[in-house]
Amino acid sequence: MNIFTARPEAALHLDRRARRNPGVYSAGVSRLTAPVLTELIESLGLTHPVTYAVLFLLVSFITLWRLEAMLDEGLEGTALGTLITPYFSGLGNLLFVFILVGHGGLASEVLTNCLVNNVTNFTLLLGIPALLWGLQIIPKSKGPTAKGKSKGKKSGAAAAATAQINRLSLWLTLGAAVFFSVATWIMAKDGHLDRTDGLMLIVIFLFWQSFQVYDVAKHNVRQRVKFGFMFYVDALVVLACAWVMYESIDWLVDWLAAQKSGFISAAHLGWLSGWLMVMPNALLALYWGWKKRADVVYTSQVGDGHVSIPLCLGVYAALMPATVPATFLSGILLLIGAGVLHAFCLLIFGGLPRWAGVILVAAYAWFVWDGLLA
(Lines give C-alpha, C1' and ligand atoms only; values in the text may rest on other atoms or scores of the structure.)
Protein backbone atom coordinates (compact mmCIF):
# COMPACT_ATOMS: atom_id res chain seq x y z
CA MET A 1 0.00 0.00 0.00
CA ASN A 2 1.22 3.50 -0.81
CA ILE A 3 2.39 5.42 2.21
CA PHE A 4 0.25 8.35 1.11
CA THR A 5 -2.94 6.30 0.85
CA ALA A 6 -5.77 7.64 3.00
CA ARG A 7 -6.29 5.85 6.30
CA PRO A 8 -9.95 6.34 7.28
CA GLU A 9 -9.57 3.92 10.20
CA ALA A 10 -8.07 6.85 12.13
CA ALA A 11 -11.60 8.04 12.85
CA LEU A 12 -12.59 4.51 13.90
CA HIS A 13 -9.80 4.42 16.50
CA LEU A 14 -10.94 7.79 17.80
CA ASP A 15 -14.55 6.63 18.11
CA ARG A 16 -13.45 3.54 20.05
CA ARG A 17 -11.30 5.64 22.39
CA ALA A 18 -14.15 8.10 22.93
CA ARG A 19 -16.50 5.27 23.95
CA ARG A 20 -13.89 3.88 26.34
CA ASN A 21 -13.10 7.26 27.92
CA PRO A 22 -16.13 9.55 27.60
CA GLY A 23 -15.01 11.74 30.52
CA VAL A 24 -12.00 13.19 28.74
CA TYR A 25 -13.61 13.95 25.40
CA SER A 26 -15.53 17.04 24.42
CA ALA A 27 -17.03 18.36 21.18
CA GLY A 28 -16.26 15.05 19.46
CA VAL A 29 -12.51 15.57 19.92
CA SER A 30 -10.36 12.87 21.51
CA ARG A 31 -8.03 13.89 24.32
CA LEU A 32 -5.25 11.92 25.99
CA THR A 33 -5.59 14.21 29.00
CA ALA A 34 -7.68 17.19 30.04
CA PRO A 35 -4.96 19.86 30.35
CA VAL A 36 -5.46 23.18 32.12
CA LEU A 37 -5.09 25.14 28.89
CA THR A 38 -7.91 23.26 27.18
CA GLU A 39 -10.19 23.61 30.21
CA LEU A 40 -9.51 27.35 30.33
CA ILE A 41 -10.33 27.82 26.65
CA GLU A 42 -13.50 25.73 27.04
CA SER A 43 -14.58 27.78 30.06
CA LEU A 44 -14.27 30.95 27.94
CA GLY A 45 -16.41 29.43 25.20
CA LEU A 46 -13.59 29.73 22.65
CA THR A 47 -13.18 26.07 21.74
CA HIS A 48 -12.57 26.24 18.00
CA PRO A 49 -9.74 25.24 15.63
CA VAL A 50 -9.09 28.91 14.81
CA THR A 51 -8.48 29.66 18.50
CA TYR A 52 -5.79 27.00 18.78
CA ALA A 53 -4.23 27.92 15.44
CA VAL A 54 -3.94 31.59 16.47
CA LEU A 55 -2.55 30.60 19.87
CA PHE A 56 -0.04 28.34 18.16
CA LEU A 57 1.19 31.15 15.89
CA LEU A 58 1.29 33.68 18.72
CA VAL A 59 3.58 31.63 20.94
CA SER A 60 5.69 30.82 17.88
CA PHE A 61 6.39 34.53 17.39
CA ILE A 62 7.13 35.00 21.11
CA THR A 63 9.59 32.11 20.96
CA LEU A 64 11.33 33.61 17.92
CA TRP A 65 11.68 36.89 19.81
CA ARG A 66 13.29 35.27 22.86
CA LEU A 67 15.51 32.97 20.79
CA GLU A 68 16.99 36.03 19.12
CA ALA A 69 17.62 37.52 22.56
CA MET A 70 19.53 34.36 23.50
CA LEU A 71 21.97 35.12 20.68
CA ASP A 72 22.84 38.38 22.42
CA GLU A 73 23.29 36.57 25.74
CA GLY A 74 26.08 34.23 24.65
CA LEU A 75 24.58 31.50 22.48
CA GLU A 76 26.27 31.44 19.09
CA GLY A 77 24.22 30.91 15.94
CA THR A 78 25.23 27.35 15.05
CA ALA A 79 24.48 26.13 18.58
CA LEU A 80 21.10 27.87 18.48
CA GLY A 81 20.23 26.13 15.23
CA THR A 82 21.60 22.74 16.25
CA LEU A 83 20.55 22.34 19.87
CA ILE A 84 17.69 24.75 20.61
CA THR A 85 15.44 25.30 17.61
CA PRO A 86 15.18 21.61 16.59
CA TYR A 87 13.54 20.75 19.90
CA PHE A 88 11.37 23.85 19.73
CA SER A 89 10.07 22.85 16.31
CA GLY A 90 10.38 19.06 16.51
CA LEU A 91 8.68 18.12 19.76
CA GLY A 92 5.31 18.41 18.04
CA ASN A 93 6.27 15.44 15.88
CA LEU A 94 7.16 13.45 19.00
CA LEU A 95 3.81 14.40 20.50
CA PHE A 96 2.11 13.17 17.32
CA VAL A 97 3.91 9.82 17.67
CA PHE A 98 2.63 9.29 21.22
CA ILE A 99 -0.89 10.40 20.26
CA LEU A 100 -1.07 7.85 17.46
CA VAL A 101 0.41 5.13 19.66
CA GLY A 102 -2.50 5.89 21.99
CA HIS A 103 -4.85 5.62 19.01
CA GLY A 104 -3.63 2.09 18.44
CA GLY A 105 -1.09 2.40 15.65
CA LEU A 106 -1.64 4.02 12.25
CA ALA A 107 1.99 3.55 11.22
CA SER A 108 1.45 5.06 7.77
CA GLU A 109 0.36 8.37 9.32
CA VAL A 110 3.50 8.56 11.47
CA LEU A 111 5.71 7.70 8.50
CA THR A 112 3.97 10.29 6.34
CA ASN A 113 4.20 12.91 9.09
CA CYS A 114 7.96 12.41 9.51
CA LEU A 115 8.61 12.27 5.78
CA VAL A 116 6.56 15.42 5.04
CA ASN A 117 8.34 17.23 7.88
CA ASN A 118 11.84 16.36 6.67
CA VAL A 119 11.27 16.83 2.96
CA THR A 120 9.66 20.23 3.64
CA ASN A 121 12.64 21.25 5.77
CA PHE A 122 15.29 20.13 3.29
CA THR A 123 13.62 21.48 0.13
CA LEU A 124 10.92 24.14 0.51
CA LEU A 125 12.05 25.84 3.72
CA LEU A 126 15.64 26.14 2.51
CA GLY A 127 14.76 26.83 -1.12
CA ILE A 128 12.43 29.79 -0.44
CA PRO A 129 14.90 31.79 1.75
CA ALA A 130 17.59 31.11 -0.85
CA LEU A 131 15.32 32.56 -3.54
CA LEU A 132 14.29 35.59 -1.48
CA TRP A 133 17.48 36.62 0.33
CA GLY A 134 20.18 34.09 -0.49
CA LEU A 135 21.72 31.71 2.02
CA GLN A 136 25.38 32.66 1.98
CA ILE A 137 27.50 31.12 4.73
CA ILE A 138 30.84 32.28 3.28
CA PRO A 139 30.48 36.00 2.40
CA LYS A 140 31.39 36.88 -1.15
CA SER A 141 34.62 38.85 -1.20
CA LYS A 142 34.45 42.54 -2.00
CA GLY A 143 37.32 44.76 -2.99
CA PRO A 144 38.57 46.71 0.08
CA THR A 145 38.43 50.48 -0.02
CA ALA A 146 41.36 52.64 1.10
CA LYS A 147 39.51 53.52 4.26
CA GLY A 148 38.55 49.95 4.97
CA LYS A 149 42.10 48.59 4.61
CA SER A 150 43.38 50.31 7.73
CA LYS A 151 40.23 49.73 9.76
CA GLY A 152 38.91 46.30 9.12
CA LYS A 153 41.75 43.92 8.31
CA LYS A 154 41.64 42.12 11.65
CA SER A 155 37.85 42.13 11.97
CA GLY A 156 37.53 40.86 8.39
CA ALA A 157 39.86 37.96 9.12
CA ALA A 158 37.89 37.09 12.25
CA ALA A 159 34.60 37.16 10.33
CA ALA A 160 36.08 34.94 7.61
CA ALA A 161 37.30 32.45 10.22
CA THR A 162 33.84 32.39 11.86
CA ALA A 163 32.20 31.78 8.47
CA GLN A 164 34.57 28.88 7.76
CA ILE A 165 33.80 27.34 11.15
CA ASN A 166 30.07 27.70 10.48
CA ARG A 167 30.50 25.97 7.13
CA LEU A 168 32.40 23.09 8.73
CA SER A 169 29.69 22.78 11.36
CA LEU A 170 27.02 22.71 8.66
CA TRP A 171 28.89 20.02 6.74
CA LEU A 172 28.94 17.92 9.88
CA THR A 173 25.23 18.54 10.50
CA LEU A 174 24.34 17.69 6.90
CA GLY A 175 26.57 14.63 7.06
CA ALA A 176 24.64 13.46 10.11
CA ALA A 177 21.32 14.02 8.31
CA VAL A 178 22.50 12.00 5.31
CA PHE A 179 23.84 9.29 7.63
CA PHE A 180 20.51 9.09 9.50
CA SER A 181 18.61 8.87 6.23
CA VAL A 182 20.91 6.14 4.87
CA ALA A 183 20.66 4.21 8.16
CA THR A 184 16.84 4.44 8.05
CA TRP A 185 16.81 3.34 4.41
CA ILE A 186 18.99 0.30 5.20
CA MET A 187 16.89 -0.70 8.22
CA ALA A 188 13.64 -0.32 6.29
CA LYS A 189 14.74 -2.16 3.13
CA ASP A 190 13.20 -5.39 4.43
CA GLY A 191 9.83 -3.64 4.67
CA HIS A 192 9.77 -3.42 8.46
CA LEU A 193 11.01 -1.26 11.31
CA ASP A 194 11.08 -3.49 14.38
CA ARG A 195 11.92 -2.66 18.00
CA THR A 196 15.63 -3.31 17.47
CA ASP A 197 15.66 -0.89 14.53
CA GLY A 198 13.81 1.70 16.60
CA LEU A 199 16.22 1.43 19.52
CA MET A 200 19.18 1.68 17.18
CA LEU A 201 17.78 4.87 15.61
CA ILE A 202 17.27 6.38 19.08
CA VAL A 203 20.82 5.46 20.14
CA ILE A 204 22.49 7.05 17.12
CA PHE A 205 20.40 10.20 17.62
CA LEU A 206 21.41 10.46 21.29
CA PHE A 207 25.07 9.92 20.39
CA TRP A 208 24.85 12.74 17.85
CA GLN A 209 23.24 15.07 20.39
CA SER A 210 25.87 14.28 23.04
CA PHE A 211 28.54 15.20 20.52
CA GLN A 212 26.77 18.51 19.81
CA VAL A 213 26.51 19.33 23.51
CA TYR A 214 30.23 18.67 23.92
CA ASP A 215 31.07 20.83 20.90
CA VAL A 216 29.05 23.79 22.20
CA ALA A 217 30.52 23.44 25.70
CA LYS A 218 34.04 23.38 24.24
CA HIS A 219 33.31 26.53 22.22
CA ASN A 220 31.99 28.33 25.30
CA VAL A 221 35.07 27.35 27.35
CA ARG A 222 37.44 28.57 24.66
CA GLN A 223 35.58 31.83 24.17
CA ARG A 224 34.99 32.21 27.92
CA VAL A 225 31.28 32.56 27.31
CA LYS A 226 29.10 32.77 30.39
CA PHE A 227 25.34 32.82 30.23
CA GLY A 228 23.78 35.65 32.19
CA PHE A 229 20.62 35.60 34.30
CA MET A 230 18.39 36.67 31.39
CA PHE A 231 19.58 33.72 29.30
CA TYR A 232 17.95 31.31 31.76
CA VAL A 233 14.85 33.51 32.04
CA ASP A 234 14.49 33.44 28.26
CA ALA A 235 15.02 29.68 28.29
CA LEU A 236 12.10 29.32 30.73
CA VAL A 237 9.93 31.57 28.54
CA VAL A 238 10.76 29.40 25.51
CA LEU A 239 9.84 26.26 27.47
CA ALA A 240 6.54 27.79 28.58
CA CYS A 241 5.76 28.78 24.99
CA ALA A 242 6.65 25.26 23.87
CA TRP A 243 4.13 23.85 26.36
CA VAL A 244 1.37 26.11 25.02
CA MET A 245 2.39 25.36 21.46
CA TYR A 246 2.27 21.61 21.84
CA GLU A 247 -0.98 21.64 23.78
CA SER A 248 -2.40 23.58 20.84
CA ILE A 249 -0.95 21.06 18.38
CA ASP A 250 -2.35 18.21 20.46
CA TRP A 251 -5.86 19.64 20.31
CA LEU A 252 -5.63 20.49 16.61
CA VAL A 253 -4.34 17.04 15.66
CA ASP A 254 -7.10 15.32 17.62
CA TRP A 255 -9.73 17.63 16.10
CA LEU A 256 -8.39 16.90 12.63
CA ALA A 257 -8.40 13.16 13.23
CA ALA A 258 -12.07 13.34 14.23
CA GLN A 259 -13.13 14.85 10.89
CA LYS A 260 -14.45 12.11 8.61
CA SER A 261 -14.98 13.78 5.23
CA GLY A 262 -13.33 16.33 2.95
CA PHE A 263 -9.69 17.16 2.42
CA ILE A 264 -9.28 18.42 6.01
CA SER A 265 -10.04 15.06 7.56
CA ALA A 266 -8.53 11.95 9.10
CA ALA A 267 -7.90 10.63 5.57
CA HIS A 268 -5.01 13.12 5.23
CA LEU A 269 -3.91 13.13 8.85
CA GLY A 270 -0.23 12.44 8.10
CA TRP A 271 0.08 15.20 5.48
CA LEU A 272 -1.90 17.88 7.31
CA SER A 273 -0.25 17.20 10.68
CA GLY A 274 3.15 17.29 9.00
CA TRP A 275 2.38 20.72 7.51
CA LEU A 276 0.98 21.96 10.82
CA MET A 277 4.04 20.91 12.79
CA VAL A 278 6.46 22.35 10.27
CA MET A 279 4.92 25.82 10.66
CA PRO A 280 7.34 26.86 13.46
CA ASN A 281 10.22 25.93 11.19
CA ALA A 282 8.67 27.94 8.36
CA LEU A 283 8.59 30.98 10.65
CA LEU A 284 12.19 30.32 11.69
CA ALA A 285 13.35 29.99 8.08
CA LEU A 286 11.64 33.18 6.92
CA TYR A 287 12.60 35.20 9.99
CA TRP A 288 16.28 34.24 10.13
CA GLY A 289 16.51 34.42 6.35
CA TRP A 290 15.25 38.00 6.52
CA LYS A 291 17.80 38.68 9.29
CA LYS A 292 20.55 37.34 6.98
CA ARG A 293 21.45 34.56 9.44
CA ALA A 294 21.99 31.77 6.96
CA ASP A 295 23.76 29.67 9.61
CA VAL A 296 20.65 29.61 11.83
CA VAL A 297 18.34 28.97 8.86
CA TYR A 298 20.41 26.01 7.74
CA THR A 299 21.03 24.38 11.12
CA SER A 300 17.45 24.86 12.33
CA GLN A 301 16.00 23.10 9.29
CA VAL A 302 18.56 20.31 9.18
CA GLY A 303 18.50 19.92 12.97
CA ASP A 304 14.72 19.58 12.99
CA GLY A 305 15.15 16.81 10.45
CA HIS A 306 17.30 14.98 13.01
CA VAL A 307 14.38 15.00 15.45
CA SER A 308 11.89 13.53 12.96
CA ILE A 309 14.32 11.05 11.37
CA PRO A 310 15.67 9.17 13.25
CA LEU A 311 14.21 10.07 16.69
CA CYS A 312 10.46 10.09 15.94
CA LEU A 313 10.66 7.00 13.74
CA GLY A 314 12.85 5.30 16.34
CA VAL A 315 10.43 6.01 19.20
CA TYR A 316 7.46 4.78 17.19
CA ALA A 317 9.20 1.60 16.02
CA ALA A 318 10.43 0.88 19.56
CA LEU A 319 6.88 1.19 20.90
CA MET A 320 5.02 -0.33 17.96
CA PRO A 321 6.91 -2.09 15.12
CA ALA A 322 5.72 -0.89 11.73
CA THR A 323 5.46 -2.10 8.15
CA VAL A 324 7.21 0.29 5.76
CA PRO A 325 5.71 0.85 2.28
CA ALA A 326 8.15 0.93 -0.63
CA THR A 327 7.31 4.57 -1.43
CA PHE A 328 8.69 5.62 1.95
CA LEU A 329 12.09 4.43 0.78
CA SER A 330 11.90 6.64 -2.32
CA GLY A 331 11.12 9.59 -0.03
CA ILE A 332 14.20 8.79 2.03
CA LEU A 333 16.27 8.73 -1.16
CA LEU A 334 14.94 12.21 -1.98
CA LEU A 335 16.19 13.38 1.42
CA ILE A 336 19.61 11.86 0.75
CA GLY A 337 19.78 13.60 -2.63
CA ALA A 338 18.80 16.95 -1.09
CA GLY A 339 21.47 16.57 1.60
CA VAL A 340 24.14 15.85 -1.02
CA LEU A 341 23.04 18.92 -3.03
CA HIS A 342 23.32 21.14 0.05
CA ALA A 343 26.78 19.79 0.90
CA PHE A 344 27.93 20.35 -2.70
CA CYS A 345 26.68 23.95 -2.75
CA LEU A 346 28.35 24.70 0.60
CA LEU A 347 31.63 23.31 -0.72
CA ILE A 348 31.64 25.06 -4.11
CA PHE A 349 29.64 28.25 -3.52
CA GLY A 350 29.85 28.74 0.26
CA GLY A 351 26.06 28.73 0.52
CA LEU A 352 22.87 27.95 -1.35
CA PRO A 353 22.62 29.77 -4.72
CA ARG A 354 19.27 30.91 -6.06
CA TRP A 355 19.34 28.32 -8.86
CA ALA A 356 19.66 25.58 -6.24
CA GLY A 357 16.68 27.11 -4.43
CA VAL A 358 14.67 26.73 -7.63
CA ILE A 359 15.63 23.05 -7.86
CA LEU A 360 14.64 22.43 -4.24
CA VAL A 361 11.26 24.16 -4.55
CA ALA A 362 10.57 22.22 -7.76
CA ALA A 363 11.51 18.97 -6.01
CA TYR A 364 9.03 19.76 -3.24
CA ALA A 365 6.29 20.48 -5.78
CA TRP A 366 6.95 17.06 -7.37
CA PHE A 367 6.92 15.43 -3.92
CA VAL A 368 3.47 16.89 -3.12
CA TRP A 369 2.08 16.06 -6.58
CA ASP A 370 3.38 12.50 -6.55
CA GLY A 371 2.41 11.71 -2.97
CA LEU A 372 -0.86 13.58 -2.54
CA LEU A 373 -2.34 14.78 -5.83
CA ALA A 374 -1.40 12.16 -8.42
Side-chain angles (χ1 to χ4, degrees), residues 3 78-98 100-101 107 110-122 126 168-219 274 277-278 281 298-325 328-343 346:
I3 186 174
T78 304
L80 176 67
T82 303
L83 291 177
I84 305 299
T85 55
Y87 291 102
F88 153 65
S89 57
L91 279 177
N93 299 90
L94 274 175
L95 179 62
F96 183 76
V97 168
F98 288 113
L100 289 200
V101 168
V110 174
L111 294 173
T112 302
N113 175 277
C114 292
L115 193 61
V116 168
N117 184 84
N118 276 31
V119 172
T120 304
N121 286 334
F122 273 68
L126 286 171
L168 290 172
S169 178
L170 285 176
W171 272 337
L172 182 62
T173 304
L174 283 167
V178 172
F179 173 79
F180 294 151
S181 298
V182 170
T184 303
W185 182 76
I186 292 173
M187 292 178 188
K189 277 192 70 176
D190 62 354
H192 300 278
L193 284 174
D194 57 25
R195 285 190 170 87
T196 301
D197 296 330
L199 292 174
M200 184 59 67
L201 290 172
I202 294 171
V203 167
I204 61 176
F205 171 81
L206 292 177
F207 176 77
W208 163 251
Q209 287 299 290
S210 65
F211 178 79
Q212 290 298 305
V213 170
Y214 164 76
D215 190 56
V216 171
K218 181 177 67 175
H219 167 82
M277 293 168 195
V278 88
N281 257 26
Y298 245 120
T299 52
S300 62
Q301 303 310 309
V302 179
D304 180 67
H306 296 165
V307 173
S308 291
I309 299 174
L311 182 60
C312 290
L313 285 182
V315 169
Y316 187 85
L319 294 174
M320 190 168 290
T323 299
V324 180
F328 178 78
L329 299 178
S330 63
I332 293 293
L333 291 176
L334 175 61
L335 286 175
I336 295 171
V340 171
L341 175 63
H342 287 300
L346 281 172

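Positions are given from 1, in the same order as the sequence printed here. Keep in mind it's a predicted model, so treat the numbers as computed, not measured.
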Side chain to side chain contact (heavy atoms under 4.5 Å, CB included) assessment of V315 paired with L311: CA-CA 6 Å; V315 169; L311 182 60; 4.1 Å; yes
Minimum side-chain heavy-atom gap T184-L201 below 4.5 Å: yes
Min side-chain heavy-atom separation F98-L319 under 4.5 Å: yes
Determine yes or no for a side-chain-to-main-chain donor-acceptor pair under 3.5 angstrom, with [X] supplying the side chain and [Y] the backbone.
{"X": "N118", "Y": "G305", "result": "yes"}
{"X": "H306", "Y": "T173", "result": "yes"}
{"X": "N121", "Y": "N117", "result": "yes"}

So, for [X] and [Y], which heavy atoms are closest and what is the spacing to 0.1 Å?
{"X": "L111", "Y": "F328", "result": "O-CE1, 3.9 Å"}
{"X": "F180", "Y": "I204", "result": "CD2-CD1, 3.8 Å"}
{"X": "I202", "Y": "A318", "result": "CD1-CB, 4.3 Å"}
{"X": "P321", "Y": "D194", "result": "CB-CA, 3.9 Å"}
{"X": "C312", "Y": "C114", "result": "CB-SG, 3.6 Å"}
{"X": "P310", "Y": "F205", "result": "CG-CB, 3.8 Å"}

Derivation and outcome, side chain to side chain contact (heavy atoms under 4.5 Å, CB included), residues W208 and L172: CA-CA 10 Å; W208 163 251; L172 182 62; 3.8 Å; yes
Atom CE of M187 with >12 non-hydrogen neighbours under 6.0 angstrom: yes
Working for side chain to side chain contact (heavy atoms under 4.5 Å, CB included), residues I309 and I332: CA-CA 10 Å; I309 299 174; I332 293 293; 3.8 Å; yes
Side chain to side chain contact (heavy atoms under 4.5 Å, CB included) assessment of V119 paired with L335: CA-CA 6 Å; V119 172; L335 286 175; 3.8 Å; yes
Distance, nearest 0.5 Å, that separates CG of D197 from CD1 of I186: 11.0 Å
